[in-house]
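One structure is given below, encoded as structure tokens.
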2 protein chains.
Amino acid sequence: MAVKKFRELDEALVRQKEAAFADFIQKQGLKTTRQRNTIISTFFRMRGHISVEELLNQVKQANPRIGYATVYRTLHLLVDSGLVEERRFGDGLARYEGHSDVEHHDHMICLECGEIFEFFNPRLEALQESLAEENDFQIFRHRLELYGACKDKDACQRRKSRTGAAAAEE
Amino acid sequence: MAVKKFRELDEALVRQKEAAFADFIQKQGLKTTRQRNTIISTFFRMRGHISVEELLNQVKQANPRIGYATVYRTLHLLVDSGLVEERRFGDGLARYEGHSDVEHHDHMICLECGEIFEFFNPRLEALQESLAEENDFQIFRHRLELYGACKDKDACQRRKSRTGAAAAEE
DNA sequence: TGGATTACGAAAACTGTTTTCAATATCGGC
DNA sequence: GCCGATATTGAAAACAGTTTTCGTAATCCA
């Protein structure tokens with residue numbers, strides 16, 4: 001029962017994402033700019049479910065002249081490129097999710113500490129699929145969010161230090 | 001296999017809701033007003049997942065002087081009273097759901113025709129519960145949305161005429 | 001390197017929602 | 001039934017998050 005180190009920041013993976021984005025930009029006939037590079041490098045080096053404000057704050061450390069507009073625009077590009085997903089958890093702000101280990105996953109949101117955990121369960125997926133089928137519905141995508149609480153403060157804090165990923169092994 | 005008539009507008013149920021709201025208002029030491037009455041009667045006589053704008057349009061037919069502010073305020077009261085639930089399906093606007101047959105349910109959203117279907121499946125619920133438990137997570141509430149398409153236009157239209165409820169028997 | 005084209009940044013615009021504020025309605029007590 | 005404290009209304013302003021505008025600046029292909 002080795003404790004798997006969860007989501008070590010993988011420099012190679014980050015570089016790969018950056019390259020993929022550069023590729024996308026090129027293919028779209030868009031231009032490579034300092035700002036875009038700053039923003040995406042920053043983004044891919046952050047973890048979790050990142051809000052625009054969080055990202056901008058971080059970006060400003062590298063280049064204080066970058067403003068909201070460019071961050072928003074670049075995030076749209078990231079979403080269009082397929083490298084990033086936009087999520088909304090009902091607190092009114094968009095959050096962006098970059099390099100995930102898991103292709104698709106769902107979320108548990110702790111209403112105590114605000115932490116967002118990811119999980120994936122094939123039975124859940126299968127069940128949804130069969131339910132949809134029963135109703136002649138074809139699923140393109142879905143969203144499942146569990147809102148609640150880590151059972152106790154301690155567990156909550158321990159997890160927090162593991163950077164927003166749960167449902168792996170404990 | 002009798003085809004159950006789905007969600008006939010039940011005047012008695014509407015009255016019951018209205019009474020429950022009146023009760024709530026009283027208990028909170030708030031006042032009964034024409035506008036609130038107009039708004040909630042209108043609301044409870046509509047079906048589906050109602051946006052503020054849809055409701056206001058309808059309300060204005062009864063009383064054109066009622067504006068957004070009062071509708072918003074009344075909807076908040078309805079939510080506080082527990083008679084109505086607020087939902088957000090990622091198109092940026094809040095939708096409100098009134099008299100449901102089913103206590104809790106999830107949603108299938110057809111991206112072709114925009115229709116929203118409700119469904120409930122105990123196995124799905126149970127599975128979520130056990131998943132949460134495995135991760136020491138206590139669920140307060142959850143949200144599951146399947147986005148996709150009715151398999152064909154015909155089925156889609158047939159359902160549409162049945163006022164936004166699927167997943168019962170066909 | 002020139003020059004068409006795209007991107008930037010600050011500020012204005014926009015959308016859905018909430019709040020403000022002066023005028024009005026409600027309702028318990030007389 | 002009327003008074004008056006209190007809640008509510010409606011129009012407009014405020015707000016938050018996001019998008020667009022517009023003049024300036026950077027990119028990059030020929």
Side-chain angles (χ1 to χ4, degrees), chain A residues 21-43 49-81 84-97, chain B residues 18 21-43 49-81 84-96:
Chain A
F21 184 70
D23 231 61
F24 171 80
I25 290 295
Q26 189 122 358
K27 287 214 176 78
Q28 299 290 305
L30 304 176
K31 289 173 178 168
T32 307
T33 69
R34 286 165 138 286
Q35 291 91 330
R36 295 222 256 244
N37 286 340
T38 301
I39 292 167
I40 69 150
S41 315
T42 305
F43 179 83
H49 302 75
I50 302 161
S51 70
V52 175
E53 194 179 4
E54 282 163 6
L55 179 55
L56 179 62
N57 287 343
Q58 209 62 33
V59 162
K60 274 192 182 299
Q61 282 175 231
N63 179 352
R65 308 208 43 220
I66 294 177
Y68 272 106
T70 304
V71 170
Y72 272 108
R73 285 189 278 232
T74 305
L75 280 169
H76 289 325
L77 289 175
L78 281 167
V79 170
D80 290 348
S81 76
V84 164
E85 276 188 72
E86 182 180 307
R87 309 243 175 216
R88 282 164 191 278
F89 298 110
D91 61 350
L93 36 131
R95 294 179 175 279
Y96 296 85
E97 212 177 346
Chain B
E18 289 173 345
F21 184 71
D23 231 61
F24 171 80
I25 289 295
Q26 189 122 0
K27 287 214 177 77
Q28 299 289 306
L30 304 175
K31 287 173 180 171
T32 307
T33 70
R34 287 165 140 288
Q35 292 91 329
R36 296 224 256 244
N37 286 339
T38 302
I39 292 166
I40 69 150
S41 316
T42 305
F43 179 83
H49 302 74
I50 302 161
S51 70
V52 174
E53 195 180 3
E54 282 164 5
L55 178 55
L56 179 61
N57 286 343
Q58 209 62 34
V59 161
K60 273 191 182 297
Q61 283 176 232
N63 179 353
R65 307 208 44 220
I66 294 176
Y68 272 105
T70 304
V71 169
Y72 272 108
R73 286 188 278 231
T74 306
L75 280 169
H76 289 325
L77 289 174
L78 281 167
V79 170
D80 291 347
S81 76
V84 164
E85 275 187 72
E86 182 179 307
R87 310 244 176 216
R88 283 167 189 278
F89 299 110
D91 60 351
L93 35 131
R95 292 179 177 280
Y96 296 86

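Everything quoted here is computed from the prediction, not taken from an experiment. Chain A is the first sequence line, chain B the second, and so forth, proteins listed ahead of strands; every chain is numbered from 1.
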How many whole angstroms separate atom [atom1] of [X] from atom [atom2] of [N]?
X     : N      : atom1 : atom2 : value
B:N63 : D:dA11 : CG    : C1'   : 15 Å
B:E54 : C:dT17 : CD    : C1'   : 16 Å
B:K31 : C:dT26 : NZ    : P     : 9 Å
B:K27 : C:dC27 : NZ    : P     : 16 Å
A:R36 : C:dA7  : CZ    : P     : 4 Å
B:I66 : C:dT24 : CD1   : P     : 17 Å
A:R34 : C:dT6  : CZ    : P     : 22 Å
B:F89 : C:dG16 : CZ    : P     : 17 Å

### Message
Whether A:R95 and A:E97 form a salt bridge (side-chain N of Lys/Arg under 4.0 Å from carboxylate O of Asp/Glu) is what I want to check.
### Response
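Salt bridge absent between A:E97 and A:R95.
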Considering just the side-chain nitrogens and oxygens of [X], establish if one lies under 4.0 Å of OP1 or OP2 belonging to [N].
X     : N     : value
A:Q35 : C:dG9 : yes
B:T33 : D:dA7 : no
A:T70 : C:dA7 : no

### Message
I'd like to check A:F43 versus A:V59 (side-chain heavy atoms, cut-off strictly below 4.5 Å). Are they in contact?
### Response
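Not touching, per the 4.5 Å side-chain cut-off.
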### Query
Does a side-chain heavy-atom distance below 4.5 Å link B:T70 with B:T33?
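When only atoms from C-beta onward are counted, B:T33 and B:T70 do not touch, as no gap falls below 4.5 Å.
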#### Entry: Spacing of A:H49 atom NE2 and A:E85 atom CD [to the nearest 0.5 Å]
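Rounded to the nearest 0.5 Å, the NE2-CD separation comes to 9.5 Å.
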### Message
Testing the basics here: between A:L77 and A:F24, what is the closest heavy-atom pair and its distance to 0.1 Å?
### Response
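Where A:L77 meets A:F24 most closely, the heavy atoms are O-CE2, 3.7 Å.
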### Query
If you take all heavy atoms of A:L93 and A:S51, which pair is closest and at what distance?
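Nearest heavy atoms, A:L93 then A:S51: CD1-CB, 3.5 Å.
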### Message
With a 3.5 Å distance limit and no angle check, can you tell me whether A:R88 reaches the backbone of B:G92 through a side-chain donor-acceptor pair?
### Response
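No, A:R88 side chain to B:G92 backbone: no donor-acceptor pair under 3.5 Å.
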### Task
Let me have a per-nucleotide readout for nucleotides 16-23 of chain D, 5' to 3', with B, S or -, counting only protein heavy atoms under 4.0 Å.
-SBBBB--
